[in-house]
Amino acid sequence: MLQLLNQFDLKPSVTRDRFEAAWQAFVDHLIASDAALSGGPVFVRCPQSGYDTDEERGHRFLALIVFRDQDQADATWAAIEDRAEPIGRLHHAVISLVHDPVFTFWARN
């Protein structure tokens, strides 16, 4: 199982509700088309907690996409890079709303 962690801020004019609607449409498509196993809800960072020790990044939001394996993740990435429809449009609707995204990719071995 592989997980893509997405840390980001929203562009100043973007509301959380607007972003979450675009995110949910993207995730729903990924799951329905077998491009991902699941996509998590949008989390809000709690930097005031003693648990949060990341001083390099100040992102406010985090979201997660889970893939079955590397083949599924690679196929999804290729479709996004190729701007295949509808995944290209749905991805653009999400990524156009964020500022300063950072992506990390994790495997559970």
*asked:* Any heavy-atom pair between the side chains of His91 and Phe26 that's under 4.5 Å?
replied: yes
*Do the ring planes of Phe8 and Phe61 sit parallel (below 30°), tilted (30 to 60°) or perpendicular (above 60°)?*
parallel
*Measuring from Leu97:CG to His92:NE2, what's the distance to the nearest 0.5 Å?*
8.5 Å
_Is there a continuous path of hydrophobic side-chain contacts, each under 4.5 Å between heavy atoms, that joins Tyr51 to Leu5?_
no
_Measuring only between side-chain heavy atoms, which start at C-beta, is Leu2 closer than 4.5 Å to Arg108?_
no
*Do you know the tightest heavy-atom contact between Ser33 and His29?*
OG-O, 2.7 Å
*Ile95, Leu30: one ILVMFWY side-chain cluster at the under-4.5 Å cut-off?*
yes
*Out of curiosity, does Phe105 fall in the hydrophobic cluster containing Met1 (side-chain heavy atoms, cut-off under 4.5 Å, transitive links)?*
no
*Mark yes or no for whether Trp23, through its side chain, and Gly40, through its backbone, hold a donor-acceptor pair below 3.5 Å.*
yes
*Okay, side chain of Asp82, backbone of Ala84: is any donor-acceptor separation there less than 3.5 Å?*
no
*For the hydrophobic clusters of this structure (ILVMFWY residues joined by side-chain heavy atoms under 4.5 Å, transitively), does one cluster hold both Phe19 and Ile80?*
yes
*asked:* Please give me the minimum heavy-atom distance between Ala93 and Ala22, naming the atom from each residue.
replied: O-CB, 4.0 Å
_Val94 reachable from Val14 in the ILVMFWY side-chain graph, under 4.5 Å edges_ = yes
_Taking every non-hydrogen atom, the tightest pair across Ala79 and Ile87_ = CB-CG2, 3.7 Å
*Got Val98 and Asp9 here, is their nearest side-chain heavy-atom distance under 4.5 Å?*
no
*Does a sphere of radius 6.0 Å around CZ in Arg60 hold more than 12 heavy atoms from other residues, nucleotides or ligands, not counting ones at 6.0 Å or beyond?*
no
*Residues, nucleotides or ligands: over 12 heavy atoms within 6.0 Å of Gln48 CD*: yes
*Within-4.5 Å side-chain heavy-atom neighbours: Gln3 and Ile65*: no
*Close side-chain approach of Leu64 to Leu4, heavy-atom, < 4.5 Å*: no
*Min side-chain heavy-atom separation His59-Asp100 under 4.5 Å*: yes
*Is Val42 close to Leu62 at the side-chain level, that is, under 4.5 Å between some pair of heavy atoms?*
no
*asked:* Treating Asn6 as the side-chain partner and Phe103 as the backbone partner, does any N or O pair qualify as donor plus acceptor under 3.5 Å?
replied: no
*Side-chain donor/acceptor of Gln72 to backbone N/O of Arg68, under 3.5 Å*: yes
_salt bridge (Lys or Arg N to Asp or Glu O under 4.0 Å) partners for Arg57, two or more places apart_ = Asp54
